[in-house]
Amino acid sequence: MITITFPDGSSREFRRGISSLEIAERISPRLAKEVYAATVNGEIYDLTRPINDNSSLKLHKWEDEEAKHAFWHSSAHLMAEALEALYPGIKFGIGPAIENGFYYDVDPGDGRTITDADLPVIENKMKEIAARNLSYNRREVSKTEAITVFSEKGDEYKTELISELEDGTISLYTQGGFTDLCRGPHLPSTEPIKAIKLLSVAGAYWRGNEKRKMLTRIYGITYPKQKMLDEYLILLEEAKRRDHRKIGKELELFTFSPRVGMGLPLWLPKGSDIRQNLISFLTAILRRRGYKIVTTPHIGNVELYKLSGHYEKYGADSFQPMSTPQEGEQFMLKPMNCPHHCEIYNSTQHSYRDLPLRMAEFGTVYRYEQSGELHGLTRVRSFTQDDAHHFCRPDQLREEFKSIIDLILYIFKILNFNDFTAQISLRDPGNKQKYIGSDENWEKAEEDIIVAAREKNLKTTVVPGEAAFYGPKLDFMVRDAIGRKWQLGTIQVDYNLPERFDLTYNGSDNQKHQPVMIHRTVFGSLERFVAVLIENTAGKFPLWLAPEKAVVLPISEKFNDYAANVLDILNNSDICTLIDDRNEKIGKKIRDNELKRIPYLLVIGEKEVENGTVAVRKQGEGDRGSMKVEEFVSFIRREIENEIAY
RNA sequence: GCCGAUGUAGCUCAGUUGGUCAGAGCAGCUGAUUUGUAAUCUGCAGGUCGGGGGUUCGAAUCCCUUCAUCGGCUCCA
């Protein structure tokens, strides 16, 4: 007999070799139907895998990531079996479970392609196979045996994977006629996979290496119930409706023109107003926090970027240097503000007493992003960073860093931005040649960030290999409507630029010392931030950000004069207001202006003219009753003040 | 940059196997109506079907090429 200990601390005796599934059945048959995987002594197990020793056991129901993982991983194998049936000789790369569903990378072979149109066919095949209730059987094999299995099959991708595995750790899973290299765990059988949807096909480089073959990646998702799948698909549809590219067009915030150039956003008047509101808001906060605002040109001598290291790292992939009538002279569109800021720092001498120096700029930069990477406003070739550089003494670094974490959290809070993650991005220890600077400086900088984040009690994830080429960073990430992750705010410690630009200050010992630099943004770029704001609010911006605060709606032509009068009063009070004096019924005017997401609709008819009032209707909420025009002015002002109270 | 898909009026989309198929709704302009909280009615105008080339008696429809967009991959200072 063995003793199994459950998460609540209780324990029970079972016979040696019992499976988690059998244990679940002993507890309750209903539970057995709801579990998909188990954790045995901290290791993920198939439900059917025998347990041979005293163990702790946690059974995973759908709510647990482990359960979904097993479910979707098994679904990937199911899809592979369907593909093998439909495309004999097809070869398989990797096919993991992901956050929402699974994918499999496949090589259909000899000129065959798989397109969206083929997905329903594969889907049906999967349903047909799943209905056979095939069991997933685990088999541990030697490396030689594993290689034999897949080389006989002619699957060079699998043999490549196996060749890198250690002998003794290799397992195969078979369901029906399909066998795959896999660590597991899997479902006991295909039976629970009831609802299946293949979502898209895409190209993906084998092993993520752009020099290697491009395989076909098929994305899909499955659920134990059709209703769950339907709900997920509805969620996807709703997310699409919040897409900033769609809303940006509808609300006339920005546009692109192939004549101007791809990835070069054209901000329309309303979008510009939002930008401007964000800039004013942030500038006021920065001034209070001791930042000095600077302005630098959009271009710089190519020598500047050679000195900073940017040219060597990115020169070939940038907008190329432009020449001038002066022989040998070349300029580049600036990809970064920091070299310019270093030269501002160098324009005067600095005393240790003057540090930290905080230099901010809403600086527009230009980067030649790959054409396939461009995406609405989140990935563009011209964008305005809310950039700043802190020059400080080494002994000030940690406090300075922490003050920036405060600033970012403070602003996110005012903007009601709760759904972000903080990520510490470190150097890839296995690929140090990607970076510039000494090991010593890197170690110092990484330590600084980790400690500062810890001291601020910031919950972070640590990702090696994501650092900038000149230093590690703390990134604030958010997701967009379709689930993609984007970096907004970032804080980066940099010992390299001060060295390259020979930045100095006079210490109390009257010697020259080198300051440390911190690069930071809060929004990241105005473009990306506005995109995220659009998706978070679905275009219903808070009043202070809204480009147009109110619209006056006369019920008929008879009230146009009074309406025009109200319009003047509001606009003269700096409350950007429109008038809708079209020859339409009030219901139509309300509908159209609600769809334009105008925060306040002011209905004007006979009563309002008589009483000198406006009938206030709040966007999305409906009638708020009447108030005097002056009352409405102070009401709006108060609301704006409350929104950005800091 | 790579793989796949898409591209029809300002917007959202119909256009069956190539043959009165160049259409609809919304938006725009007309005229009527003078309206009380999410769509009043009438009429009109709008497109060399992304651009270029080809196949064909005939191309929005088939082929090639180019541009752009979308979904991924790679990249992201």
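This is a predicted model, so every value here is computed, not measured.
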Would you kindly check whether a donor in the side chain of [X] faces an acceptor in the base of [N], or vice versa, at under 3.5 angstrom?
{"X": "A:Tyr205", "N": "B:G72", "answer": "no"}
{"X": "A:Arg379", "N": "B:C76", "answer": "yes"}
{"X": "A:Arg617", "N": "B:A38", "answer": "yes"}
{"X": "A:Glu369", "N": "B:G1", "answer": "no"}
{"X": "A:Arg212", "N": "B:C2", "answer": "no"}

The reported gap from CD1 in A:Ile408 to CD1 in A:Ile491 (rounded to nearest 0.5 angstrom) is 4.0 Å
Interatomic distance, CZ@A:Arg381 vs OH@A:Tyr368, rounded to 0.5 Å, equals 4.0 Å
Item to complete: Please answer whether B:A77 and A:Tyr314 are stacked, defined here as ring centres separated by less than 5.5 Å and planes angled under 30°.
Response: yes
Can you check the [X] [atom1] to [N] [atom2] distance for me, whole Å?
{"X": "A:Asp592", "N": "B:U37", "atom1": "CG", "atom2": "C1'", "answer": "13 Å"}
{"X": "A:Phe256", "N": "B:G50", "atom1": "CZ", "atom2": "P", "answer": "22 Å"}
{"X": "A:Leu199", "N": "B:G4", "atom1": "CG", "atom2": "C1'", "answer": "15 Å"}
{"X": "A:Glu252", "N": "B:G28", "atom1": "CD", "atom2": "C1'", "answer": "13 Å"}
{"X": "A:Tyr219", "N": "B:C70", "atom1": "OH", "atom2": "P", "answer": "17 Å"}
{"X": "A:Asp580", "N": "B:A27", "atom1": "CG", "atom2": "C1'", "answer": "14 Å"}
{"X": "A:Lys540", "N": "B:A38", "atom1": "NZ", "atom2": "P", "answer": "15 Å"}
{"X": "A:Tyr103", "N": "B:G72", "atom1": "OH", "atom2": "P", "answer": "13 Å"}

Would you say [X] places a side-chain N or O within less than 4.0 Å of OP1 or OP2 belonging to [N]?
{"X": "A:Lys473", "N": "B:A77", "answer": "yes"}
{"X": "A:His375", "N": "B:G71", "answer": "yes"}
{"X": "A:Lys558", "N": "B:U35", "answer": "yes"}
{"X": "A:Arg245", "N": "B:C70", "answer": "yes"}

Kindly state whether the ring of A:Phe501 and the ring of A:Tyr345 have centres lying under 6.0 angstrom apart.
no
task = Would you please indicate if the ring centroids of A:Phe469 and A:His310 are separated by under 6.0 Å?
result = yes
Given [options], which nucleotide is nearest the side-chain atoms of [X]?
{"X": "A:Glu608", "options": "B:G36, B:G71, B:A77", "result": "B:G36"}
{"X": "A:Arg217", "options": "B:C75, B:C73, B:G71", "result": "B:C73"}
{"X": "A:Met214", "options": "B:G36, B:A68, B:G72", "result": "B:G72"}
{"X": "A:Ser200", "options": "B:G72, B:C76, B:G71", "result": "B:G71"}
{"X": "A:Arg591", "options": "B:A5, B:A68, B:A38", "result": "B:A38"}

Side-chain donor-acceptor contact under 3.5 Å, A:Thr384 with A:Thr364: yes
